[in-house]
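Throughout, protein chains are lettered first and strands after them, A, B, ... in sequence-line order, and every chain is numbered starting at 1. Computed over heavy atoms, backbone and side chain alike; hydrogens, waters and symmetry mates excluded.
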Protein chains: 2
Amino acid sequence: MYDLFFQKFNEKIALTAEEEALVKQYLTPKKLRRKQYLVQEGDVCKNICFVEKGALRAYVLDETGDEHITAFALEGWTLGDLSSFIKAEPATWNIDALEDCELVLISKQAYDELLQIMPKYETYIRLLMTDAYMALQRRTTYMISLPLEERYLAFTQMYPTLFQRVPQHMIASFMGLSAETLSRVRNRISNRK
Amino acid sequence: MYDLFFQKFNEKIALTAEEEALVKQYLTPKKLRRKQYLVQEGDVCKNICFVEKGALRAYVLDETGDEHITAFALEGWTLGDLSSFIKAEPATWNIDALEDCELVLISKQAYDELLQIMPKYETYIRLLMTDAYMALQRRTTYMISLPLEERYLAFTQMYPTLFQRVPQHMIASFMGLSAETLSRVRNRISNRK
DNA sequence: GAAAAACGTTGATTTTTGTCAACGGTTTTT
DNA sequence: AAAAACCGTTGACAAAAATCAACGTTTTTC
């Protein structure tokens, strides 16, 4: 149930069996069916979720009601509307399941308490935030500096599994493009080889 | 010399005078003249810098030699090529001073050691990363979901001081636009009021 | 198992943005 | 103090991307 969670945790910082048992007390498992919401815009995001199995996406709606995907999460990734979670403010993101999911949830209270009582948890979170921040910096750097075809190729290499698993119009949305434009970009790339 | 650094530190987590003195031993002051580099692409980014005074920018060069600004830093902000710093890999960013600067540097060795010996430093870094990550998420969400004029207004509110202090063609670059387009966006906004 | 919805692609057209050139007015350099 | 570089804007034009519509296929729903 928590296998992947602790595998990833231990990759960042090793835990003893006792420590794992302690952390486990603060976690809640949750199953989510395809198309179900984890968070809706306006709710406070009460949990951060770790994906044991399945796939999720986060998106925002614009004034014309169009969806813009801001993030994905596959097995081993962590997702939530972080600002809403940390500041206990209404979420601006919607998060729903693209496939049936098995998740590990950490509530805000559990998060705060673990940070207080367990230095290794703070180290884990520090490293998680650092990695997430570096990944997002890379994404934004590519966004503003690479021409479209190179950007698509770079993203493909950055997220190989994701691009196989998720419909292309969602990838387009994630990249800030229309589905048609992405289709044409892919066409140009395969023609030039 | 380190006034603003410790002011910001204490806003996140309070230090005693003794603790401040300890941290101070790990810091190095540095002055940078306008146009001087803190890091150049290809170097390993050996320090993260905190801005006591002045302004810096980070940028990448594309294949045609054009600059794309990825980040700015004003007084009280922290900047570096984080991936390069953490992984000791060659930097992909260039960082230079837009104005004469007074900086506080933390070397990788000092960073690692402080994290080891001082739990409050780890808390400080965790909060710094969390805040930086949330800010970057907001920026990228705006990037893909807001139409140009709203995006410009949102950025103006997000970084009011920055937009007054930095030339507009750099703001344009930061937003992934040409200088001419930004000029026209501003024009449309002032006409519609 | 049939109907409906979702998906990816293509073509025609419109809208948006970039590019190039020029300008007057700064600021910086020497 | 003069020369050079930089800055923001504008106009004319070219390039890129979005939009709209249609299509055959696949997947989901009931």
Side-chain angles (χ1 to χ4, degrees), chain A residues 32-36 54-55 57 59 61-69 72 96-101 142-153 155-156 162-192, chain B residues 32-36 54-55 57 59 61-69 72 96-101 142-153 155-156 162-192:
Chain A
L32 212 60
R33 286 277 173 72
R34 184 173 140 83
K35 299 199 176 175
Q36 278 192 309
R57 64 161 182 173
Y59 65 93
L61 294 171
D62 67 20
E63 51 206 1
T64 68
D66 288 341
E67 293 174 359
H68 300 270
I69 296 181
F72 291 103
D96 63 9
L98 298 175
E99 307 170 3
D100 293 351
C101 288
Y142 288 163
M143 277 287 221
I144 63 170
S145 70
L146 290 183
L148 219 40
E149 301 181 19
E150 272 63 29
R151 196 188 316 163
Y152 176 75
L153 291 171
F155 276 42
T156 303
L162 185 73
F163 275 48
Q164 290 166 356
R165 206 154 140 191
V166 164
Q168 262 141 44
H169 72 271
M170 291 193 185
I171 302 292
S173 174
F174 181 65
M175 295 181 67
L177 300 174
S178 71
E180 294 93 332
T181 297
L182 183 60
S183 173
R184 286 169 181 128
V185 167
R186 285 163 48 83
N187 209 318
R188 286 202 298 269
I189 290 173
S190 54
N191 285 341
R192 80 183 186 189
Chain B
L32 212 59
R33 285 277 174 72
R34 184 174 140 84
K35 300 198 177 176
Q36 278 192 309
R57 63 160 182 173
Y59 64 93
L61 295 171
D62 66 21
E63 50 205 2
T64 68
D66 288 341
E67 294 173 359
H68 299 270
I69 296 181
F72 292 102
D96 64 8
L98 298 175
E99 307 171 3
D100 293 351
C101 288
Y142 288 163
M143 276 287 221
I144 62 169
S145 69
L146 291 183
L148 219 40
E149 301 182 19
E150 317 318 331
R151 195 188 317 163
Y152 176 75
L153 291 172
F155 276 41
T156 303
L162 184 73
F163 275 47
Q164 290 167 357
R165 208 156 138 189
V166 164
Q168 263 142 43
H169 72 271
M170 292 194 184
I171 301 292
S173 174
F174 180 67
M175 293 181 66
L177 301 174
S178 70
E180 293 93 334
T181 297
L182 183 60
S183 173
R184 287 169 181 131
V185 168
R186 285 162 48 81
N187 209 317
R188 287 202 297 268
I189 291 173
S190 54
N191 285 341
R192 81 183 185 189

Inset, instruction - Round to a whole Å and report the spacing from CG of A/Asp66 to P of D/dA18. - result: 12 Å
Legend entry - Check: B/Ser183 side chain, B/Ala179 main-chain N or O, donor-acceptor pair, under 3.5 Å: no
Inset, instruction - Indicate yes or no for a side-chain donor-acceptor contact from B/Arg151 to the backbone of B/Leu146 under 3.5 Å, with no hydrogens or angles considered. - result: yes
Legend entry - Whole-Å distance separating the OH atom of B/Tyr152 from the P atom of C/dT17: 15 Å
Inset, instruction - Can you establish whether the number of heavy atoms outside A/Arg33 located under 6.0 Å from its atom CZ is more than 12? - result: no
Inset, instruction - Could you work out which one of C/dT17, D/dT10, C/dT9 sits closest to the side chain of A/Ser183? - result: C/dT9
Inset, instruction - Among the candidates D/dT10, D/dT19, D/dA17, find the nucleotide nearest to the side-chain atoms of A/Glu180. - result: D/dT19
Inset, instruction - Would you sort out whether B/Glu149 and B/Arg186 count as a salt bridge (Lys or Arg N to Asp or Glu O under 4.0 Å), showing the intermediate values? - result: CA-CA 8 Å; B/Glu149 301 182 19; B/Arg186 285 162 48 81; over 6 Å; no
Legend entry - Expected output: side-chain A/Ser173 to main-chain A/Ile69 donor-acceptor under 3.5 Å: yes
Inset, instruction - Kindly say whether B/Lys35 contributes a backbone atom to a donor-acceptor pair with the side chain of B/Asp96 at under 3.5 angstrom? - result: no
Legend entry - Test log, rule salt bridge (Lys or Arg N to Asp or Glu O under 4.0 Å), inputs B/Glu67 and B/Arg57: CA-CA 11 Å; B/Glu67 294 173 359; B/Arg57 63 160 182 173; 2.9 Å; yes
Legend entry - Phosphate OP1/OP2 of D/dA17: any A/Thr181 side-chain N/O under 4.0 Å: no
Inset, instruction - Figure out the CG/P separation between B/Asn187 and C/dT17, and round it to whole Å. - result: 14 Å
Inset, instruction - With the side chain counted from C-beta on, respond yes when B/Leu182 and B/Ile171 share a heavy-atom pair under 4.5 Å apart, and no when they do not. - result: yes
Legend entry - Under 3.5 Å: donor-acceptor pair, side chain of A/Thr181, backbone of A/Leu177: no
Inset, instruction - Using whole Å, report how far CD of B/Glu67 lies from P of D/dC6. - result: 10 Å
Inset, instruction - Could you tell me the separation between the CG atom of B/Asn191 and the P atom of D/dT9, rounded to a whole number of Å? - result: 12 Å
Inset, instruction - Select from B/Lys35 and B/Arg184 the residue whose nearest nucleotide in DNA chain D is closer to the 5' end of that strand. - result: B/Lys35
Inset, instruction - Please give the angle, rounded to 10 degrees, between the axes at the start and the end of the helix from C/dG1-D/dC30 to C/dT30-D/dA1, where five pairs define each axis. - result: 60°
Inset, instruction - With a 4.0 Å heavy-atom cut-off, tell me which residues in residues 166-174 of chain B come close to DNA chain D, sorted by residue number. - result: B/Pro167, B/Gln168, B/His169
Legend entry - Nucleotide D/dC7, atom P - distance to CD of B/Gln164 in whole Å: 18 Å
Inset, instruction - Find the distance A/Arg151:CZ to D/dA17:C1' and express it as a whole number of Å. - result: 11 Å
Inset, instruction - Looking at every strand, decide which applies to B/Leu182 at a 4.0 Å heavy-atom threshold: base, sugar-phosphate, or nothing. - result: nothing
Inset, instruction - Could you check how far CG of B/Asp100 sits from C1' of C/dT27, rounded to whole Å? - result: 15 Å
